[in-house]
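Quick notes on the structure that follows.
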Amino acid sequence: MKDLIATSIRCINDQLEVLDQHQLPHCERWLPCNSAAEMIAMIKKLQIRGAPLIGIGASLLLARLAEEGMPEPELREAAEQLRAARPTAVNLMNNLDTMLEALNVGGPAALPAQAERLFDEDIELCQKMSANGAALISAGASILTHCNTGSLATAGAGTAIGVITELQKQGKAPHVFVDETRPLLQGGRLTAWEMQQLGVDYTLICDNMAAMLMAQGKVDAILVGSDRIAANGDFANKVGTYSLAVNAHYHNVPFYVVAPYTTVDLECPNGDAIPIEQRGAAEVRGVSGSFGDVCWSPTEAHVFNPAFDVTPAKLVTGWILDNGVFDQVQIAAGALANR
Ligand code: MRU
């Protein structure tokens, strides 16, 4: 494969490597990835994460395995194992389907070019979403965002953070409220790190402070990403997104979801059909990262830990996609299916 370089994944001289997001922001460590088992373990541990990026990571790995001479039946088996690594982000399944289409037509030799195409396409999709979103937001706006949706979560500039990056580039100087995003702190650890890198003016908040900021009129818009958008516009995203949408509705704050077409699942008629990943209890009982493991609750505390929640379409002001911005009327009329 040609050399491919993004913020959190790279393939240089045919060595695939992943930036270990579990260690950020205090430690920047690249991990080699040479097998499906390694990639699956990294996906499960969120060392590689973000809906678009896990799809790209799985595709690049499959391409590398093909280049190393893995026979076709084993490549198909590896694809099936990778597909099951995380259940909610449909980009993983969509990208693997695209890889398998290439395998069906051209055999293993067709996989590297297909993976390169997906990588390059993801960068382009980010550029399109960013431009579409930035056109909606005024200079100096205060934006609230959740989880991490930037260059750590995609091959390009990101989805919601892609829009923020574009606003910054255009000199519109946004201010960003960054939800810390319990339980895994993707906001506090990763989005804060990205805001620093981009030179964006930001304020880190605990998730339970967002409603108060909205009540005080300090939030002009909320931008979030998505792991899967159902045909009716309901969408899954990092747990806590639904609370933000309810609060935004109550306080009349515009609430936008930003996503590429690879996040759309037309086979899910609505949000009830989106599978939601349930994760381990330790993530809620405490926290772990480059700073070590901390458990602050009784070690036997019963825990509820869904990784994502579903926001109904009726709470969404607009869907900022790579092919345009759509409102509730357009989505209800089938805009997601008409590309
Ligand atoms: O569990 P994570 O960290 O992979 O969750 C990520 C999100 O929820 C993002 O908002 C989503 O993947 C879209 S990112 C471009």
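Any value given below was found using the heavy atoms of this structure, including those in side chains, with hydrogens, waters and symmetry copies removed. Computed from a prediction, not measured in an experiment: that's the story for all the values here. For ligands, and for the atoms within them, numbers begin at 1 and follow the listed sequence.
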Please report, to 0.1 Å, the donor-acceptor pairs under 3.5 Å made by any side chain of residues 57-64, with sequence neighbours excluded.
from	atom 1	to	atom 2	distance (Å)
Ser59	OG	Gly55	O	2.8
Arg64	NE	Asp14	O	2.7
Arg64	NH1	Glu67	OE1	2.5
Arg64	NH2	Asp14	O	3.0
Arg64	NH2	Glu68	OE2	2.8

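Listed by chain and residue number, Leu144, Asp179, Ile205, Met214, Leu244 satisfy the side-chain contact (heavy atoms from CB on, under 4.5 Å) test with Ala210 (two or more places apart in sequence, or in another chain). Not counting sequence neighbours, the partners of Ser226 by the side-chain contact (heavy atoms from CB on, under 4.5 Å) test are Ile229, Phe235, Val257, Ala259, Thr263.
Contact check on Lys238 versus Asp207 returns no salt bridge, with no Lys/Arg side-chain nitrogen under 4.0 Å from an Asp/Glu carboxylate oxygen.
Within the 3.5 Å criterion, the main-chain N or O of Gly271 finds no donor-acceptor partner in the side chain of Arg228.
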Distances only, to 0.1 Å: what are the N or O pairs between ligand 1 and the protein that fall under 3.5 Å?
from	atom 1	to	atom 2	distance (Å)
ligand 1	1 (O)	Arg86	NH1	3.2
ligand 1	1 (O)	Arg86	NH2	3.0
ligand 1	1 (O)	Lys238	NZ	2.7
ligand 1	3 (O)	Arg49	NE	2.5
ligand 1	3 (O)	Arg49	NH2	3.3
ligand 1	3 (O)	Gln186	NE2	2.9
ligand 1	4 (O)	Gly50	N	3.0
ligand 1	4 (O)	Arg86	NH1	2.9
ligand 1	8 (O)	Asp227	OD1	3.0
ligand 1	8 (O)	Asn237	OD1	3.0
ligand 1	8 (O)	Lys238	N	3.3
ligand 1	10 (O)	Asn237	OD1	2.6
ligand 1	12 (O)	Ala51	N	2.8
ligand 1	12 (O)	Asp227	OD1	3.0
ligand 1	12 (O)	Asp227	OD2	3.3

Take Arg76 and Glu80 through the salt bridge (charged side-chain N to carboxylate O under 4.0 Å, His left out) test and state the conclusion after the steps.
CA-CA 6 Å; Arg76 290 186 187 280; Glu80 286 322 296; over 6 Å; no
